[in-house]
Every structure is written in C-alpha cells, then in structure tokens.
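As structure tokens, the structure follows; a few thoughts come after it.
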Amino acid sequence: MKFISLIFLIGIFFTSCDRTEKKIKENNNVLKDTIKKPIDISLYKNCLQQIQGYKNRYGITFSNYYKDSFLSFDFDNDKLIDTIIVLKPYHEIDADCFTSNTDFDFPILLISKNVNNISKILKTYANALQCNTPVYYEEISTNKDGFVISKDITGNNGFYTKTYVVFKFNDFYIDSINVQSWGRLQYNKTLKYNAKIFPFSKFKRTDVDSIRNILDEDFDYNKR
C-alpha cells in the first residue's frame with residue numbers, strides 16, 4: 001500500500017496541466033506585458049468603477065481588478081534586489097465586492113528581475129496560489145534560498161503545509177513540502193525533491209490536497 005501510494009504521489013506531479021493552465025490564462029487574458037481582468041467575471045455595480053484602469057509596476061501592466069502586494073528578495077545572489085509579487089482579485093481584499101465566478105479567479109504569482117535597475121517580469125505563475133477563505137489562509141515569505149508558500153487549513157482535522165521553492169539551474173524548483181496534520185489524524189512529514197525533479201512551473205494549487213489525501217489514507221491503513 002505504501003509503495004503504491006508513493007508511486008501515485010510522484011506521478012501526480014508529472015501529470016500534464018497544460019489544459020488547465022491554458023484555461024486560466026485565457027480567462028485572465030494573461031498576455032506578455034499586460035494582465036487584464038477575467039473576461040467572464042461578474043461584480044456588483046458599485047464595484048465596477050473601482051476596478052477601471054491599469055497600473056504599471058514591477059515591469060508589467062495589470063488591471064486595477066487586482067490588488068498587488070510584494071516582497072523583496074535576491075533569489076540569484078547577484079546583490080540586486082528582485083521582487084516577488086502577488087496579484088489578488090479585488091473581491092478578496094474588499095468584502096463588499098464579491099463575485100460568484102471563483103472557479104478560475106485566483107491570485108497570480110509573479111517574479112520580477114532587476115536588470116540594470118529596471119524591473120522585468122521573469123516568471124508568471126497563474127496556477128500556484130489560492131484565494132483565502134474563512135477556513136483557508138495562504139501567505140508567502142522569503143528566505144535565503146528563495147520563498148515559502150504556507151497554507152493553513154482549519155476544520156475538524158487541521159492541516160498546515162509549507163512549500164519551499166528555491167532558485168537553481170537557472171529556474172525555480174520545489175525543494176521540499178512539509179505537511180502537518182492535527183486532530184483525528186496526526187502526522188508531520190516532509191517530502192524532499194532532488195535536483196530538477198519538480199519545477200515550480202508544474203506546481204498546482206491542488207497538489208497539497210492530493211498529498212493530504214494520500215497521506216491520510218496511508219495513515220489510516222497503518223493504524224489497522
């Protein structure tokens with residue numbers, strides 16, 4: 001059972017997500033230099049005026065539909081300050097502006113590179129982050145090797161994860177994922193990935209859910 005679970009766990013990360021990523025990019029109109037608001041989104045009328053227009057920051061132009069936050073870091077150790085940016089849909093920040101079209105409306109993660117003191121977008125990840133809810137909280141922090149995505153899922157069986165992303169081989173890779181479960185199921189495990197086995201571009205917001213399902217089943221199996 002453990003061996004089968006492990007094979008499946010490795011396999012989920014290599015499953016092609018091109019179709020999903022294509023849908024997200026189409027819906028968000030993510031172009032090379034401009035990020036527009038989703039085409040099919042619906043908002044309350046009192047919110048429409050607040051999201052008109054665009055901002056030009058970090059080497060990219062993006063719709064006022066998104067609220068930006070950023071952290072400074074030097075991911076390639078060249079002594080220049082680069083930037084990691086999160087663009088969150090407006091309705092996640094303003095509780096008075098809510099949309100029911102949340103199936104494809106997620107935060108966008110950007111990496112901006114300092115090139116001769118000019119910011120240029122190096123990476124765009126439209127499928128990595130999730131909107132916060134009353135039972136789900138996600139945040140990003142930086143460390144000396146890259147950055148960390150923390151997820152805190154509350155409920156009858158709390159679940160907490162940290163996904164460590166590092167820059168190596170001229171790209172971003174998943175270094176490890178730590179998962180902790182409390183409540184009826186209690187475990188603390190770290191999945192470690194070597195070399196180029198798990199590019200961050202292949203990481204999906206649902207991967208942690210898949211890991212949780214497999215570890216929960218394995219935990220229950222071992223208790224029998």
State, yes or no, whether a side-chain contact exists between [X] and [Y] at a heavy-atom distance under 4.5 Å.
X	Y	result
Lys88	Asn132	yes
Tyr160	Thr154	no
Pro38	Tyr65	yes
Ile111	Ile121	no
Val165	Val148	no
Val179	Arg212	no
Asp209	Asp207	no
Ile84	Ile140	yes

Looking only at non-hydrogen atoms, find the nearest pair between [X] and [Y] and report the distance.
X	Y	result
Glu138	Leu129	OE1-CB, 3.3 Å
Ser176	Thr190	CB-CG2, 4.0 Å
Asp74	Lys79	OD2-N, 2.9 Å
Phe73	Thr83	CE2-C, 3.7 Å
Thr161	Val208	CG2-CG1, 3.5 Å
Ala128	Lys151	O-NZ, 4.2 Å

**Q.** Sole candidate of Lys37, Lys55, Gln52 that passes side chain to side chain donor-acceptor pair (under 3.5 Å) when paired with Asn64
**A.** Lys55

Any chance you could measure [X], atom [atom1], to [Y], atom [atom2], to the nearest 0.5 Å?
X	Y	atom1	atom2	result
Glu139	Ser150	CD	OG	5.5 Å
Phe159	Leu185	CZ	CG	10.0 Å
Ser201	Ile174	OG	CD1	9.5 Å
Ile197	Lys202	CD1	NZ	14.0 Å
Gln130	Thr206	CD	OG1	8.5 Å

Q | Residue Lys113 excluded, over 12 heavy atoms near NZ under 6.0 Å | A | yes

(Q) Check this for me: Tyr54, atom OH, are more than 12 non-hydrogen atoms of other residues, nucleotides or ligands nearer than 6.0 Å? (A) yes

Q: Using the salt bridge (Lys or Arg N to Asp or Glu O under 4.0 Å) rule, take Lys168 and Asp145 through it: C-alpha gap first, then chi angles, then the decisive distance, then the call.
A: CA-CA 9 Å; Lys168 57 185 178 181; Asp145 300 312; over 6 Å; no

Are [Y] and [X] connected into the same hydrophobic cluster when the rule is that any two of I, L, V, M, F, W, Y join if their side-chain heavy atoms are below 4.5 Å apart?
X	Y	answer
Ile149	Tyr136	yes
Phe203	Val86	yes
Leu109	Ile81	no

Q: Apply the test side chain to side chain contact (heavy atoms under 4.5 Å, CB included) to residues Tyr66 and Ile35: give CA-CA distance (whole Å), side-chain angles for both, the deciding distance (0.1 Å), then the verdict.
A: CA-CA 9 Å; Tyr66 295 100; Ile35 298 180; 3.7 Å; yes

Q. Counting only N and O atoms by type, is there a donor-acceptor contact under 3.5 Å from the side chain of Asn116 to the main-chain atoms of Ile118?
A. no

Q | Main-chain N/O of Asn114 paired to Asp82 side chain as donor or acceptor, under 3.5 Å | A | yes

Q. Among Phe147, Tyr173, Tyr164, which residue meets the ring-ring contact (aromatic ring centres under 6.0 Å, His included) test with Phe200?
A. Phe147

Q: Evaluate the criterion side chain to side chain contact (heavy atoms under 4.5 Å, CB included) for residue pair Gln180 and Tyr187; output intermediate values, then yes/no.
A: CA-CA 6 Å; Gln180 301 176 34; Tyr187 54 80; over 6 Å; no

Q: Could you walk me through whether Tyr193 and Ile177 pass the side chain to side chain contact (heavy atoms under 4.5 Å, CB included) test, one step at a time?
A: CA-CA 9 Å; Tyr193 303 91; Ile177 301 177; 4.1 Å; yes

Q | Chi angles and distances behind the side chain to side chain contact (heavy atoms under 4.5 Å, CB included) call for Ser181, Leu215 | A | CA-CA 10 Å; Ser181 178; Leu215 292 178; over 6 Å; no

Q: Answer yes if the ring centres of Phe172 and Phe75 are under 6.0 angstrom apart, and no otherwise.
A: yes

(Q) Under a 3.5 Å cutoff, is there a donor and acceptor pairing between the side chains of Asn188 and Asn178? (A) yes

(Q) Quick check with a 6.0 Å cut-off and a 45 degree axis cone: is Arg57 positioned over the face of Phe62's six-membered ring? (A) no

Q: Salt-bridge test for Lys123 and Asp171: reply yes if a basic N is under 4.0 Å from a carboxylate O, no otherwise.
A: yes

